Amino acid sequence: MPSANGSSTTHFVRKRVTELNATHAEVTNSAVRFLDADQVRLERAAAHRVRANQVEVVNGAVGFATFEHGTIRQSNAGIVIGRSIALDEVHVGILASPVIRGDVHTWLDLRSAVAIGVGMVLGKAAIAGVRALARRATS
């Protein structure tokens with residue numbers, strides 16, 4: 001499996017790469033296990049883990065991605081964490097970002113996570129209140 005480390009610009013077409021560290025990486029019709037770069041472009045490619053400053057994914061699949069700014073189009077992702085994300089016809093398992101634009105289908109996002117957390121806290125408080133009333137009634 002080829003591996004390129006530390007180069008300024010790296011472009012892969014139809015290859016399987018274990019680890020890729022570059023300033024600018026373009027991956028087309030390929031698979032990458034670990035990708036760490038300042039700028040990343042994935043087109044019809046799969047990546048297990050991506051860490052970058054700027055990311056663009058088109059018709060791809062990503063397992064876990066962390067980045068500052070990104071655009072994801074017609075792709076699937078497991079976990080995406082970013083500062084600002086533009087999405088178009090994307091399916092994501094877990095999405096965490098303060099700024100999200102576009103058409104995305106998530107299983108869990110920040111709003112849902114906060115709602116679940118608040119619900120759990122309120123539920124726990126309600127159960128504690130009912131138990132306290134039951135103790136007073138039996139005393």
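Keep in mind that this is a model prediction, so the values were computed, not measured. Sequence positions, counted from 1, serve as the residue numbers for this chain.
We find the CG-NE2 distance between D38 and H24 to be 10.0 Å, quoted to the nearest 0.5 Å. The structure places CG of N21 at 8.0 Å from CZ of R51, a figure rounded to the nearest 0.5 Å. In this structure, CG in D109 is found 10.5 Å from CD1 in I94, a value given to the nearest 0.5 Å. Of the inter-residue distances, the one linking N53 atom CG with R83 atom CZ reads 9.5 Å to the nearest 0.5 angstrom. In this structure, I81 CD1 and F67 CZ are separated by 9.5 Å, a value rounded to the nearest 0.5 Å. With rounding to the nearest 0.5 angstrom, the NE2 atom of H91 is 8.0 Å from the CD atom of E89.
Between V90 and Q74 the shortest heavy-atom distance is CG2-N, 4.1 Å. Annotation for L42 and A47: closest pair CD1-CB, 4.0 Å, computed over non-hydrogen atoms. Of all heavy-atom pairs between V92 and G78, the closest is CG1-O, 4.0 Å. Nearest heavy atom pair, residue V13 against residue S30, reads C-OG, 3.4 Å. Residues S97 and S84 share a closest heavy-atom pair of OG-N, 3.9 Å. The minimum heavy-atom distance between A45 and N29, with the atom names listed, is CB-N, 4.3 Å.
I85 is listed as a side-chain neighbour of L95, based on a closest heavy-atom distance under 4.5 Å. Side-chain atoms of T28 and R44, non-hydrogen and from C-beta on, do get closer than 4.5 Å to each other. Counting heavy atoms from C-beta outward, D36 and L20 have side chains that stay 4.5 Å or more apart.
Criterion: ILVMFWY side-chain heavy atoms under 4.5 Å apart, direct or through other members. Under it, V114 and L122 are part of a common hydrophobic cluster. Note on V62: it does not cluster hydrophobically with L108, by side-chain heavy-atom contacts below 4.5 Å among ILVMFWY residues. Transitive grouping of hydrophobic side chains (ILVMFWY, heavy atoms separated by less than 4.5 Å) keeps V17 and F34 in distinct clusters.
Tested against R73 for a side chain to side chain contact (heavy atoms under 4.5 Å, CB included), the candidates N59, V58, L87, D103 yield a single pass: V58. Here the rule is side chain to side chain contact (heavy atoms under 4.5 Å, CB included) with V40, and of V32, L35, V57 only L35 fits it.
The closest side-chain donor-acceptor pair between Q54 and H69, if any, does not fall under 3.5 angstrom.
A donor-acceptor pair under 3.5 Å links the side-chain atoms of T138 to the main chain of A134, judged by distance alone. For S75 (side chain) and I72 (main-chain N/O), no donor-acceptor pair under 3.5 Å exists by modelled atom type.
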Please report the C-alpha distance between R41 and E26 in whole Å, then the side-chain angles of each, then the deciding distance to 0.1 Å, and finally whether the salt bridge (Lys or Arg N to Asp or Glu O under 4.0 Å) criterion is met. CA-CA 5 Å; R41 178 164 167 53; E26 292 187 31; 5.1 Å; no

